[in-house]
Amino acid sequence: MNIPFTESGFGGKALLFTLTFFALFLLFFFGFYQLRKFAGLLLKGKLFSQEVVLCTNKAGRFFTVCALGSFLFVGVNAILTNSGRFSITFGSSNFKLLLFLLIVGVLFLLLSDAFRKALALKEENDLTV
């Protein structure tokens, strides 16, 4: 990973790099926190509740924004530090990891919509009986 340091110490680019990287990590861990809440609700048997819809929606938004922000971050960092070459890799491929995170985020957004529709059907069914 290339961190843009200046010769005299920690420069403005490095500060921006660090703050952006930290913000993306926070989004990622907020998504995991929402998944933990979602798992707790599932274990309590509250599958069709407004809380489940909110947790899955928030997790999906956090993961999607984190992945899109990371794609943008990697692109801007490559332009600023390496003259257009992409050099940030963690493990096998950073692109594959970010694409997977984006897919997971979109999946949770779709899951949230499915839970919202199921909750509406359940409430309608409870009123009918």
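For the numbers below, each heavy atom of this structure counts, side chains included, while hydrogens, waters and symmetry mates do not.
- Between F63 and F28, the angle of the ring planes lies from 30° to 60°, which puts this pair in the tilted group.
- Closest of all the heavy-atom pairs between L41 and C55 is CD1-SG, 4.1 Å.
- Under the 4.5 Å side-chain heavy-atom criterion for ILVMFWY residues, no single connected hydrophobic cluster contains both Y33 and V65.
- The minimum heavy-atom distance linking G31 with A59 is given by the pair O-CB, 3.9 Å.
- The distance from atom CZ of F108 to atom CG of N57, rounded to the nearest 0.5 Å, is 11.5 Å.
- Looking only at side-chain heavy atoms (C-beta outward), L101 and L97 stay at 4.5 Å or farther from each other.
- Under the 4.5 Å side-chain heavy-atom criterion for Ile, Leu, Val, Met, Phe, Trp and Tyr, F38 and L119 are members of the same hydrophobic cluster.
- Nearest heavy-atom pair across A118 and F48 is CB-CE2, 3.4 Å.
- Put simply, L99 and L68 are part of the same group of oily side chains (I, L, V, M, F, W, Y) that touch within less than 4.5 Å, one to the next.
- Connection of L24 to F62 is established within a shared hydrophobic cluster, with ILVMFWY side chains joined at heavy-atom distances below 4.5 Å, either directly or through further cluster members.
- Taking SG from C66 and CZ from R61, the interatomic distance works out to 14.5 Å, rounded to the nearest 0.5 Å.
- At least one side-chain heavy atom of L110 sits less than 4.5 Å from a side-chain heavy atom of V106.
- Distance CG/L54 to OG/S49: 8.5 Å, rounded to 0.5 Å.
- At least one donor-acceptor pair closer than 3.5 Å links the side chain of S112 to the backbone N or O of V53.
- A distance of 13.0 Å separates CG in L42 from NZ in K37, rounded to the nearest 0.5 Å.
- One finds the OG1 atom of T64 at 10.5 Å from the CD1 atom of I103 (value rounded to the nearest 0.5 Å).
- Aromatic ring pairs are classed by plane angle as parallel below 30°, tilted from 30° to 60° and perpendicular above 60°; the pair F21 and F73 is tilted.
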